[in-house]
Structure formats: structure tokens, C-alpha cells
Amino acid sequence: MSEQTTVAGSQVGGEVVTAAPGEAATEPRPEPKRKNNRAWWLVLPVVVSVAFTAVIPLMTVVNFSVQDVFSPSDRIFVGLEWFRSIARDPEVRAAFVRTLLFSAQVLLLEIPLGVALAVSMPRRGFWVSVALVLVALPLLIPWNVVGTIWQIFARGDIGLGGWTINNVLGINFNYTLDSTDAWITVLVMDVWHWTPLVALLAYAGLRSIPEPYFQAAQIDGASAWATFRHIQLPRLRGVLTIAILLRFMDSFMIYTEPFVVTGGGPGNATSFLSILLSKIAVGQFDLGPAGAFSLLYFLFVQILCYVFFTVLTRSGR
């Protein structure tokens, strides 16, 4: 009996195409494309700059946070001792509560005011450019200049704002001696400086809403409040999430403005975490506690921002 060889075949256009013995009747595979990795060279400058401006300083802070530094050549490894000391420090806890309270008040004031300002701004015509320029003016002023302006403006003897409160309204206002007046001054200053950012973000979100939405609401006879509640506010959810995160991070890390105006005083009334950290690092030159403090500060900001982002995104689903 002779052996028979099985030949695989297929019929294409009436012709029978056979494959050679031992070969599979499969379609030829395309050659794999070669990946071009030269684009990574464009990212390399960014990686290098981030390494020198963020990663290396962070590692230096971590190194200081676990040592007691007496001199450049005399150091003692202390482990987590500075972290425990900072966590138990009542002054740090009080500053943390003040900073958290300040950030909460900033959000409660700036978010509604910014949205209200954005809604009241014109949507078309010549006055749009004028309104945008006027609203954005406070954002163009440097932080230390803002602090200097309000330091003079709120003075009761030479400042227009302080003089008006004392002599026209009849209120005894002195932010250099009264802790409540100092807190109000710093809070109003921050609201004046950063509410325009919320307004510009909200205005950009409002301009992205298609015009037929408003035309349909006008045909249905919806009021201005109903239009805002059912059309504008839902479309602003994503923009307001960004605004809340930005303003929380900025207000929780505020330093320049209150330091210029009050220096953290009177007493410790406006001594936030950033001001207290600068006193430990620069004033006392305690590098170990300052390094541990800065790492815990960084951790606080990351955790609170994650909580804010999680709550805001889940509430929008």
C-alpha cells in the first residue's frame, strides 16, 4: 500500500489552489511595524528638569527629616523621631486647624461669588473683552504686592479701607492688635485676589453651553433661577471641580500674603502651617523638624485633595 500525502487546498475564482505538503494554508502575516522611540528624546529635557527641581530636593528633604543635623559633617540618624515630635506638637495642630478653617471659609465665599460674577458677565458684544480684562486684573498682581497693598489699605491711620471703617462706620478696626480683624483682613484679601480665577473658569464653562439650551428655556418660560439651576449649574460641575481643587490647594498653602500683612500675628492668629514651617526652617534653622514638617504638610495636601476629588466626582455620577 502506497502512502498518500494530504494536500490542503482552497478554491478561489473557480481554480483550486493547493498548498505544498507540510505547509499550512494560512494567510501571510504582515511584518511588525518598528516602533520609533526617538520621540522620547523630546521628553528628556522635561524629565531632567523635573528631577532637578522636584525629585532631588524632595530626596534631600527626606534625608534631613531622619537626621539631627549639627553641622555639615556632624549628623545623627534619629529615624522617625522628628515626625513623632511634629505630630504631637500642639502649635502645629493649632496651625493645622487654622489653615483648614481658612480654606473652608475661602471655598464657601469664593466659589459662590465667582459663579455669580460669571453669570452676571456679558456673553457677547464689546463689553465682553472689557469685563474679562477688569476681572482678570487682580490675578496679574504678584502675591507680595497684594500683601503690601492690603497692608496699607487696611491701616486705620493711613489706609483708605481702615480709615473708612473707623471713622465712617464707627467700628474700632485694627488688624495689628485684634486677632479677629487680622483674620478678616487676610480672608477678604484672599477673596479679592482669587475670586476672579473662579469667575473666569466658570465663565469659560458657561460659554461652552450651546445657545439652543437657553432658547428652549426661554420658549418654556423658565425663570432665570430655573435656567441657572437646570441648565447652567449642571454644565459647570466639571469646571467647579477644578476650581475647588485649585482654590483649596492654594489657600491651604497660602504664605506670602498673610506673612506680608500680619506676619502670622497678632500672636498666632494668622499663623498658618506655611508660616509656622518657615519659622522653623528659616528662623530657627532646625532642618530635621522642618524636613519632617514639610513632608507631613505635603501628605496633608495630597490626602485632602484626593478626598475632595473623590467626593466631587462621585457626587456627579
Are M253 and F248 linked, directly or through intermediate hydrophobic residues, by side-chain heavy-atom contacts shorter than 4.5 Å (ILVMFWY only)? yes
NE2 of H193 to CD1 of I149, rounded to nearest 0.5 Å, is 9.0 Å
L139 versus W194: any side-chain heavy-atom pair under 4.5 Å? yes
For F228 and W225, take the angle between the two ring planes, folded into 0 to 90°, and tell me which bin it lands in: parallel under 30, tilted 30 to 60, perpendicular over 60. tilted
Return the minimal non-hydrogen interatomic distance between T227 and A222, and the atom names on each side. OG1-CB, 3.9 Å
Indicate the atoms forming the closest heavy-atom contact of L107 with P112, along with that distance. O-CD, 3.7 Å
State, yes or no, whether a side-chain contact exists between V188 and W150 at a heavy-atom distance under 4.5 Å. yes
Is there a side-chain contact between P266 and L177, using heavy atoms and a 4.5 Å cut-off? no
Find out if a path of hydrophobic residues (ILVMFWY) with successive side-chain heavy-atom gaps under 4.5 Å connects Y203 to L134. no
Side chain to side chain contact (heavy atoms under 4.5 Å, CB included) assessment of M249 paired with L246: CA-CA 5 Å; M249 288 188 293; L246 289 177; 4.1 Å; yes
Within the side chain of Y175, is there an N or O that forms a donor-acceptor pair under 3.5 Å with the backbone of Q151? yes
Would you mind reporting whether T60 and N63 have side-chain heavy atoms less than 4.5 Å apart? no
Membership question, hydrophobic clusters at under 4.5 Å side-chain separation (ILVMFWY): are L187 and I152 in the same one? no
Ignoring hydrogens, what is the shortest heavy-atom contact between T262 and A182? Give both atom names and the distance. CG2-CB, 4.1 Å
How are the rings of F252 and F96 set relative to one another: parallel (under 30°), tilted (30 to 60°) or perpendicular (over 60°)? perpendicular
Side-chain contact, heavy-atom cut-off 4.5 Å: W82 with D286? no
Calculate, to the nearest 0.5 Å, the distance between atoms CH2 and CG belonging to W163 and L169 respectively. 10.5 Å
Spell out, as yes or no, whether a donor-acceptor pair under 3.5 Å connects the side chain of D178 to the backbone of D181. yes
Rounded at 0.5 Å granularity, tell me how far CD1 in I184 sits from CE in M189. 13.0 Å
S85 side chain to E81 main-chain N or O, any donor-acceptor pair under 3.5 Å? no
Heavy-atom side-chain proximity of L276 to R98 below 4.5 angstrom: no
Measure from the side-chain N and O atoms of S65 to the backbone N and O of G288, and report whether any donor-acceptor pair falls under 3.5 Å. no
Residue set satisfying ring pair (Phe, Tyr, Trp, His ring centres under 6.0 Å) with F83, at least two apart, ordered chain then number -> none
Please tell me whether Y297 and V97 are part of a single hydrophobic cluster in this structure, the criterion being side-chain heavy atoms less than 4.5 Å apart. no
S274 side chain vs I254 backbone, donor-acceptor pair below 3.5 Å: yes
Evaluation steps, side chain to side chain contact (heavy atoms under 4.5 Å, CB included), between V261 and T185: CA-CA 9 Å; V261 176; T185 302; 4.2 Å; yes
Under 4.0 Å between a side-chain nitrogen and a carboxylate oxygen: does that hold for E91 and K279? no
Given the rule that I, L, V, M, F, W and Y join up when any side-chain heavy atoms are under 4.5 Å apart, are L100 and L273 in one cluster? yes
Taking every heavy atom of S278 against every heavy atom of Y255, the minimum-distance pair comes out as OG-CE1, 3.4 Å
For A217 and I231, which heavy atoms make the closest approach, and how far apart are they? CB-CD1, 3.6 Å
How far does CD1 of I111 sit from OG1 of T195, to the nearest 0.5 angstrom? 8.5 Å
For Q218, does the CD atom have more than 12 heavy-atom neighbours from other residues, nucleotides or ligands under 6.0 Å away? no
Residue pair R247 / D250: nearest heavy atoms and the distance that separates them: NH1-CB, 3.0 Å
Calculate, to the nearest 0.5 Å, the distance between atoms CZ and CG belonging to F173 and N167 respectively. 13.0 Å
Please indicate whether R235 has more than 12 foreign heavy atoms, meaning atoms of other residues, nucleotides or ligands, lying under 6.0 Å from its CZ. yes
Check: V115 and Q232 side chains under 4.5 Å, non-hydrogen atoms: no
Are V62 and V66 close enough that some pair of their side-chain heavy atoms sits under 4.5 Å apart? no
To the nearest 0.5 Å, how far apart are CG in L108 and OG in S103? 11.0 Å
Step by step, would you call R123 with L206 a side chain to side chain contact (heavy atoms under 4.5 Å, CB included)? CA-CA 9 Å; R123 294 177 57 87; L206 292 174; 4.1 Å; yes
Check step by step if side chain to side chain contact (heavy atoms under 4.5 Å, CB included) holds for F102 and V186. CA-CA 9 Å; F102 179 79; V186 174; 3.9 Å; yes
